[in-house]
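Every chain is numbered from 1, with letters handed out A, B, ... down the list of sequences. Computation of the quantities below employed the complete heavy-atom set of this structure, encompassing side-chain atoms and omitting hydrogens, waters and symmetry-equivalent molecules.
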Number of protein chains: 2
Amino acid sequence: MTTSHKVTSVHIAGACRGRLGILGLEERRNREKERRRETILKAARRDFMKKGFKAVTVDAIAQRAQLSKGAIYLYFKSKEEIYAQVLIRDIEKFHDHVADIFHGGDSASEVLTRFARIYTDFFLNERELFRILMAFMVQPNPLNISEQINDHIIRNTNKTIGIIERIFQYGIEKGEFPGCRNIRQCRNALWGLLNGIIALHLFTGREETREERIRSTISGGLDVFLRGLTTNQETDSKS
Amino acid sequence: MTTSHKVTSVHIAGACRGRLGILGLEERRNREKERRRETILKAARRDFMKKGFKAVTVDAIAQRAQLSKGAIYLYFKSKEEIYAQVLIRDIEKFHDHVADIFHGGDSASEVLTRFARIYTDFFLNERELFRILMAFMVQPNPLNISEQINDHIIRNTNKTIGIIERIFQYGIEKGEFPGCRNIRQCRNALWGLLNGIIALHLFTGREETREERIRSTISGGLDVFLRGLTTNQETDSKS
DNA sequence: GTCACTTTATGACTAGTGGTCAATTCGTAC
DNA sequence: GTACGAATTGACCACTAGTCATAAAGTGAC
């Protein structure tokens, strides 16, 4: 491999040689380790997305990654941790999509509508990811994953919710959302609205019409919600 | 096999007594069977609600029901079927709570608010049921349960959604919900709103504040939604 | 090259699970 | 008490997550 000649070059380096040599080695080893982790994650993702968590065996992942089962456990604590890592990487992809959600001069309604569309589009293209994330949220027993990874997933979810919050902030500052009396509540309600609608439609009805139903329900629901946000009138039952 | 005993029973059938006797026996056996099923479900529910699906073993259920493992499989096709049956019975309990949701003279807003409160209360008291139902909806692989039971769960979910639909219908007929342009969309959006909010809060934050956060978010979110329903003004967002 | 040492990899193995089935017990009718 | 089908048992099977003693590969000093 590239290993031998690199070691040689460090070898000539003089006084600091030994120390640098060790650091260089460790560095390379870490890179190698990272590369292996990537390989395993890539192999795992393919199967997880196709078959779901339970139906994928660690042996299968190992085989696809061209490693033994034991080796898998050198890089990950558990099957669930592999799964969680796959999720993390995918969630992060979402944030690329909404990074530039604020266009100058747009109304808050437009931004919120755009966010909803991006959110919907993303999860329509990554349906299994949606299922998995919801399942993760709703797990009765904490997954056997490191605190670190658990925190990471939660932090990413919060990041998404934070984007929604900024949109509401913007709408309130512009005086466009007088109907939003409490940002936290509105933010969580909207997030719930989006996820709840997607979840419902993943479960019910025929596949052929699913995408259309999700889009139209989100569009219709958001419409009502926006009307509530942009109106200041009291909710009054009589008319 | 079946031939012989049938012959026997016919053999005795000359007297009415024998025939009635056999029918009475079968009837009693069916009752016994039903009682056993109940026993198993009750035993299973306790553990499922406490530990979730995976962490409960069939052996444990058997032990609690004072039966052998083999016997369990005389009454249920699989562990998942037991689980599903437990769900069904609990979902049906919910419908008792909303059976008399329509009080004469109430506004649609009031009815919808009441529904939301009942829904929230029910699942705050049955959090594990909520988790389980969401997990069921979001399962990547269909559970190994009979079509019949799967249909039953879906039918019950639809029944709940049907109640929401009736409320919207009522609001539109009363002219109270001019903001509801499409019943199906509004109905699904509201259902998504409720579930999404509950799910989000089951996942995030500290336990001590959870109930309060769920209630206030649903209250706030419903407030905005209702304002959108009762208002007829156009939303100024472009799409 | 070779030796000592460290890191990485292996796969047989363990433990624990859902589900099965031949053997056994039980209930009933005569 | 005997015949017989239905109910019940628990040893057993198949499968899989995770472990660990052992082996292989990598590394550096001489």
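Comment: A:Arg45 does not engage A:Glu38 in a salt bridge, judged by the lack of any side-chain N to carboxylate O separation of less than 4.0 angstrom.
Checked against the 6.0 Å centroid criterion, the rings of B:Phe130 and B:Phe122 do not qualify as a close aromatic pair.
Rounded to an integer number of Å, the gap from CD of B:Glu81 to C1' of C:dG19 is 14 Å. Across the protein-nucleic acid pair, A:Arg31 atom CZ and C:dT7 atom P stand 18 Å apart, rounded to whole Å. In this structure, CG of B:Asp47 is placed 13 Å from P of C:dT17, rounded to the nearest angstrom. Here the C1' atom of nucleotide D:dA6 and the OH atom of B:Tyr75 are 10 Å apart, to the nearest Å. Regarding B:Leu67, its CG atom lies at a distance of 18 Å from the P atom of C:dT25, rounded to whole Å. Distance B:Ile61 CD1 to C:dG18 C1': 11 Å, rounded to the nearest Å. Per the geometry, CZ belonging to B:Arg35 stands 10 Å off P belonging to D:dT8, to the nearest Å. Rounding to whole angstrom units, CG of residue B:Leu74 and C1' of C:dT25 are separated by 14 Å.
Only B:Arg36, listed by number, bring a heavy atom of residues 36-44 of chain B to less than 4.0 angstrom from any atom of DNA chain D.
Side chain of A:Arg127 to main chain of A:Leu124: a donor-acceptor pair is present (N/O by atom type, distance under 3.5 Å, no hydrogens or angles). Between the side chain of B:Lys79 and the main chain of B:Val56, a donor-acceptor pair closer than 3.5 Å is present. Put simply, the side chain of A:Arg210 gets close to the backbone of A:His201: a donor and an acceptor are under 3.5 Å apart.
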Polar pairs (N or O, both sides) under 3.5 Å between protein and nucleotides 16-21 of chain D?
residue	atom	partner	partner atom	Å
D:dA17	OP1	A:Val56	O	3.4
D:dA17	OP1	A:Lys79	NZ	2.9
D:dA17	OP2	A:Val58	N	2.9
D:dA17	N7	A:Lys69	NZ	3.0
D:dG18	OP2	A:Tyr73	OH	2.9
D:dG18	OP2	A:Lys79	N	2.9
D:dG18	N7	A:Lys69	NZ	3.1
D:dG18	O6	A:Lys69	NZ	2.9

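B:Ala65 and B:Thr39 get closest at one heavy-atom pair: O-CG2, 4.2 Å.
With B:Leu200 as the partner, the side chain to side chain contact (heavy atoms under 4.5 Å, CB included) test is satisfied by one option alone out of B:Ile198, B:Thr204, B:Ile197: B:Thr204.
Taking the six-membered ring where the residue is Trp, A:Phe94 and A:His97 present parallel rings, their angle staying beneath 30° rather than reaching 60°.
In the model, B:His152 has no side-chain atom that pairs as donor or acceptor with a side-chain atom of B:Gln85 under 3.5 Å.
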